[in-house]
2 protein chains.
Amino acid sequence: MTIQEAAERSGLSAHTLRYYERIGLIHSVRRDGSGHRDYVERDLEWLDFLTKLRTTGMPIAEMCRYAELRRMGDHTAAERRAMLEAHRDRVRCRIAELQQDLKVLDYKIDIYRGME
Amino acid sequence: MTIQEAAERSGLSAHTLRYYERIGLIHSVRRDGSGHRDYVERDLEWLDFLTKLRTTGMPIAEMCRYAELRRMGDHTAAERRAMLEAHRDRVRCRIAELQQDLKVLDYKIDIYRGME
DNA sequence: ACTTGACTTGGAGTGCGCTCGAAGGGGGAC
DNA sequence: GTCCCCCTTCGAGCGCACTCCAAGTCAAGT
């Protein structure tokens, strides 16, 4: 699969895919005869997971660490799990915070309604 | 109240408070005899609300627009309400998205647990 | 043979939201 | 008086996560 196809399917830009590879987020994408990247299904799955980490607010540096552990093999599973658990806690906190802020928005909107 | 006190109470830095004033997010903070800023309770309330808009992901430019409408008076209430409603929708979507992503994290963590 | 277009690399540029530095101005404590 | 500290403005700098550009390669189409 070409970089354009991978971009469309992952929702990332081709620029971003190259950038992710450069910083080590996605490792050693296969090249075809002419040196062009050739993405496989497994790359797409990994990109989807990376995207979930990103959209939930994990910093790139932390994602790089996770990717590095993943490359190191199964013996890093516990550390990776710990990272995900810590991240999950952050996401839960974030959701709780957003839900609180939502109440304030609701309250404000009601006030505006009352004014009209 | 001095800028330092306002910073402590709002959770923003003094730098950020000056920055917010410069870009028009907070308008015409009173000055004392020697030109120092003198924040009042109402400023703090406004800063708290601004902070909620920020932490829920409203871009600064949009917050400036909201602040501008607020300065223009009561006849902008409908437009401000519309902005808040649009923002509320975005926040709701964001929460829903985070909740979906949380499921993926849970799933992954379970897999790691199974591996150990 | 030549054009077209998508790809490659390395490095520079961008936008956002701050964050900091420089240079200078009070005003209270000693 | 002078030391010290916090304040002022203006403008530059920073960190993050991309985003884009320049220069070159390669393969397919006409």
Side-chain angles (χ1 to χ4, degrees), chain A residues 1-40 43-44 46-68 87 90 94 97 101, chain B residues 1-40 43-44 46-68 87 90 94 97 101:
Chain A
M1 174 182 349
T2 69
I3 194 166
Q4 275 313 322
E5 287 163 348
E8 274 160 37
R9 288 196 41 196
S10 68
L12 299 164
S13 73
H15 286 303
T16 301
L17 291 179
R18 291 193 197 97
Y19 166 68
Y20 277 9
E21 191 174 338
R22 195 159 68 209
I23 64 176
L25 266 186
I26 171 166
H27 195 56
S28 65
V29 175
R30 213 164 49 200
R31 306 297 153 121
D32 66 14
S34 54
H36 293 189
R37 287 171 180 79
D38 180 19
Y39 291 85
V40 297
D43 295 326
L44 264 285
W46 173 236
L47 282 171
D48 281 350
F49 183 59
L50 285 180
T51 299
K52 292 210 186 308
L53 294 181
R54 270 302 300 133
T55 62
T56 50
M58 184 182 283
I60 292 273
E62 203 168 327
M63 289 165 61
C64 286
R65 172 71 183 149
Y66 185 90
E68 188 191 0
H87 184 58
R90 288 197 303 256
R94 182 83 186 106
E97 189 185 31
D101 292 347
Chain B
M1 169 183 354
T2 69
I3 195 166
Q4 275 313 321
E5 287 163 347
E8 275 160 38
R9 288 196 43 197
S10 67
L12 299 165
S13 72
H15 286 305
T16 301
L17 290 179
R18 291 194 199 95
Y19 166 68
Y20 276 9
E21 192 174 336
R22 196 160 68 210
I23 64 175
L25 266 186
I26 171 164
H27 196 54
S28 63
V29 175
R30 212 164 50 200
R31 306 298 153 117
D32 66 13
S34 55
H36 294 189
R37 286 170 180 80
D38 180 20
Y39 291 85
V40 297
D43 294 327
L44 264 286
W46 173 236
L47 282 170
D48 282 350
F49 183 60
L50 284 181
T51 298
K52 291 209 186 308
L53 294 182
R54 269 304 299 134
T55 63
T56 51
M58 184 181 282
I60 292 272
E62 204 168 326
M63 288 165 61
C64 287
R65 172 70 183 149
Y66 185 90
E68 188 192 0
H87 184 58
R90 288 197 303 256
R94 183 83 186 106
E97 188 185 33
D101 292 347

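Chain naming here is simple, since letters A, B, ... match the order of the sequence lines and numbering starts at 1 in each.
Distance CE (Met63(A)) to C1' (dC18(D)): 12 Å, rounded to an integer number of Å. Rounded to a whole Å, the CG atom of Leu17(B) is 15 Å from the C1' atom of dC6(D). Residue His15(B) contributes atom NE2, which lies 15 Å from atom P of dG15(D) at whole-angstrom precision. One interatomic measurement links the two molecules: CD1 of Ile3(B) to C1' of dC7(D), which rounds to 8 Å at whole-angstrom precision. Spacing between atom CG of Asp38(A) and atom C1' of dC26(D) amounts to 16 Å, rounded to whole angstrom units. Per the geometry, CZ belonging to Arg31(B) stands 19 Å off P belonging to dC6(D), to the nearest Å. Atom pair Asp32(B):CG and dC6(D):P shows a separation of 16 Å (rounding to whole Å applied). Here the P atom of nucleotide dC26(D) and the CZ atom of Arg37(A) are 15 Å apart, to the nearest Å.
Using a 4.5 Å heavy-atom cutoff, the side chains of Ile60(B) and Tyr20(B) are in contact.
Within the 4.0 Å cut-off from OP1 or OP2 of dC7(D), at least one side-chain nitrogen or oxygen of Gln4(B) is found. The phosphate of dA17(D) has OP1 or OP2 within less than 4.0 Å of a side-chain N or O from Arg54(A).
A pairwise comparison of heavy atoms in Ser10(B) and Leu17(B) identifies OG-CD2, 4.2 Å as the closest pair. The nearest pair of heavy atoms linking Thr2(A) to Glu5(A) is N-OE1, 3.0 Å.
Within 4.0 Å (heavy atoms only), Arg18(B) reaches at least one base atom of the nucleic acid. Heavy atoms of Arg22(A) sit under 4.0 angstrom from at least one base atom.
Not a single ring-ring contact (aromatic ring centres under 6.0 Å, His included) links Tyr39(A) to another residue, sequence neighbours left out.
Between Ser34(B) and Leu12(B), it is Leu12(B) whose nearest contact on DNA chain C lies nearer the 5' terminus.
Using cut-offs of 30° and 60° for the angle between ring planes, the Tyr66(B) and Phe49(B) rings count as tilted.
Along DNA chain C, read 5' to 3', the first and last nucleotides having any atom under 4.0 Å from a heavy atom of chain B are dG17(C) to dG27(C).
One finds a salt bridge joining Arg94(A) and Glu97(A) here, because a Lys/Arg side-chain nitrogen approaches an Asp/Glu carboxylate oxygen to under 4.0 Å.
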Quiz item: Between His36(B) and Arg31(B), does a side-chain contact (heavy atoms from CB on, under 4.5 Å) hold up when you go through it step by step?
Solution: CA-CA 5 Å; His36(B) 294 189; Arg31(B) 306 298 153 117; over 6 Å; no

